[in-house]
Amino acid sequence: MPDSSAPSAAPAAPSDFIRDIVAADLAAGRHQRVHTRFPPEPNGYLHIGHAKSICLNFGIARQFGGLCNLRMDDTNPAKEDVEYVESIIADVKWLIAGWADHCLGLKPRGQTPESRPVNGTADFYLPAVVPGGANGAELEPFYASDYFEQIHAYAVRLIEKGLAYVCDLSPEDTDKFRGTPDRPGTNSPFRDRSVAENLDLFARMKAGEFPDGARSLRAKIDMAAPNIWLRDPLIYRIRHTAHHHTGDKWCIYPLYDFAHCLSDYLEGITHSVCTLEFEVHRPLYDWILESLGLPRPLPHQFEFAKLIPTYLIVSKRKLIALVNEGIVSGWDDPRMPTISGIRRRGVPAEALRNFAIGVGVTKFVSTTDIAVFEHAVREDLNQRALRRLAVLRPLKVVLTNLAPGETIEFEAGNNPTDPNAGTRKLAFTRELWIEQDDFMEVPPPKYFRLRPGGEVRLKYACIIRCDEVVKDSAGNATELRCTADLETRSGGANAAKKVKGTIHWVSAAHAVDAEVRLYDRLFTEAEPEKDGRDYRSVLNPRSLEVVTAKLEASLARPGPDERYQFERLGYFWPDPVDSTPGKPVFLRTISLKDAWAKESGKA
RNA sequence: UGCCCGAUGGUGUAACGGUAGCACAGCAGUCUCUGAAUCUGCUUGUCAUGGUUCAAAUCCAUGUCGGGCAGCCA
């Protein structure tokens, strides 16, 4: 359990226009406290774009000493599922752990809004509770569906005020009557029903007397409004569908616009932060709240541009397709841009957070180079990863001047960036594995690894010279016969001897075999759907390569949450899903930057 | 072509009427028992045109370009 009393040192989020607004509201006394919310619809898994929203909303709560409620925006039973609810809870908790745990607003399980008068007016309110609180009650997220009773009461109030009516127009006719952006709509013929008739009809809608789509409840605003969302928007529809959270209790469900602003109000939200596409809904958000004559301070909506990273697709529908078509192994496939995929890939929450905070918050629609994310991952992992030696594509080296069975132990540092990380012993024997890439019979200029007659240093060990290349019938090198110069070992007489290249190795006698999965970008193009192309046409055929690697012995039983750097290769960690005790499967979180690949690729 | 929103290097982002800065990417170099990391330097920018002002990325106007809105989705 992360220690929420000591949030990890994170770089302070730079100010942005939303934080400026929050600070100004506080300074002006418009609010006495700050309360945000993160309100995903449980109809898919959270992805990297949500990470930005989570970090923004929890970051604001954290910075201003407020709370951020986790809320399921679950008003559409047809699309939602508890599987998604559970994944969302797990992903949010993981992302904010050790950073904003103390700001996570939840509520006692089963709790719904309390009715209580404020200044003589009936009101509903559901305060947030932070995990670890005194009463020890079991906590759960907020659910918009927990407010169906109250939202329904507000709808009735709107009818009573003459501000909502039951409309019998079919969905098709409703569309026709709405007009177009440049042409005003037409009043529904049912617009002027009496309050009594509306009340009766709405009650019968609720009682299940009508089939889906037969009638709807609409706000009575202005069919000629230039803003389409003010043209008598629907606020309730009939859906004879069971809901994942409320079961069969309801057959009418509020629409987003009606439910969302009221949910914010019920929870005492002060700043309701969402993405740009809701900007045109804001007048409706305000209209509903203001029309109801609510006694407590109203929340206000603010919009920012969502994250659009290169080399990724993030639309829920397409993510579902990747899963359903078997292009990836599931929502948590390490190549997925989902938070669960990123987590399984081995990216620490801190790294994702640093990225999500670092991209900034504006209203400008922009794309973020995925290299920024990759940099955040490498920067984090460089600090935390334990260095280990592993050979992905082995080539045998025989040190002819060592006796068979002779074992020398070398000491190797665990992390050059962390003096407290300690050291370990590495067995060095006559037969070793080195990387195939680290030997070339006819190397290009500037290649400074091993070549016939050439020398190279074996990391933590000593310098070797390649005396002879053994080849198979096809002419491929199968074994290198080399001489080790033990005087060049650390502490040896010639320890200071310089050679241009240093490579990694493992003792053949001590190496353990393990499956290693090498992940790369899922798409070969920065914009997989540029100009309407099908993202399937730009899938990277090498987004996953599986090899059986030779690992240094200490890797046989990796720490379950440990990050490793396989030196000169990349950052790896044991797959939390497919690893078994004593038989780890390593995943490559990300490769090390490779200047040589760039250099040699140029030619 | 109605309404709303936006525009700062290649990509993001800061500067809140007073020296256009930072990050990523790129390039060159340094260092290196990881061709990583580190360190150094460099290239490249205020959409356009007017106006206000001693002074404009910032305020105003017009234009241009881009995004969003016509689900009983969120």
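Sequence lines set the chain letters: A, B, ... in the order given, protein chains first and strands last, and positions in each chain run from 1.
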Heavy atoms only, 4.0 Å cut-off, all strands: where does A:R449 land among base, sugar-phosphate and nothing?
base

With salt bridge (charged side-chain N to carboxylate O under 4.0 Å, His left out) as the rule and sequence neighbours excluded, what pairs involving residues 234-245 of chain A come up?
none

Does A:T362 put a side-chain nitrogen or oxygen below 4.0 Å from OP1 or OP2 of B:U13?
yes

Using the side chain to side chain contact (heavy atoms under 4.5 Å, CB included) criterion, which residues pair with A:T502? Sequence neighbours excluded.
A:R457, A:K459

Touch check for A:Y447, heavy atoms < 4.0 angstrom, all strands: base, sugar-phosphate only, or nothing?
base

Does the base of B:G2 carry an N or O that pairs as donor and acceptor with the side chain of A:R183 under 3.5 Å?
no

Looking at A:F210, I'd like to know if the NZ or CZ of A:R215 sits under 6.0 Å from its six-membered ring centre while staying within 45 degrees of the ring's axis.
yes

Could you write nucleotides 36-47 of chain B as a row of B, S and -, 5' to 3', where a protein heavy atom under 4.0 Å of any base atom gives B, of only sugar-phosphate atoms gives S, and otherwise -?
SS----------

Does B:G71 count as syn, meaning its glycosidic angle lies within 90° of 0, or as anti?
syn

Please determine whether a side-chain nitrogen of the Lys or Arg among A:K593 and A:E374 lies less than 4.0 Å from a carboxylate oxygen of the Asp or Glu.
no

Counterpart residues, side chain to side chain contact (heavy atoms under 4.5 Å, CB included), relative to A:P189 (two or more places apart):
A:L169, A:F177

If you write RNA chain B from 5' to 3' in dot-bracket form, with Watson-Crick or G-U pairs under 3.5 Å, [ ] for crossing pairs and | for pairs with another strand, what do you get?
.((((((..((((....[..)))).((((.........))))....(((((..]....))))))))))).....

So, does A:S366 get its side chain near the phosphate of B:U13, meaning an N or O under 4.0 Å from OP1 or OP2?
yes

Contact under 4.0 Å: A:K498 side-chain N or O vs B:C33 OP1/OP2:
yes

At under 4.0 Å between heavy atoms, which parts of nucleotides 69-74 of chain B does protein reach? Answer with one letter per nucleotide, 5' to 3': B base, S sugar-phosphate only, - none.
SBSBSB

Judged by modelled atom types alone, do A:Y285 and A:Q301 share a side-chain donor-acceptor pair under 3.5 Å?
no

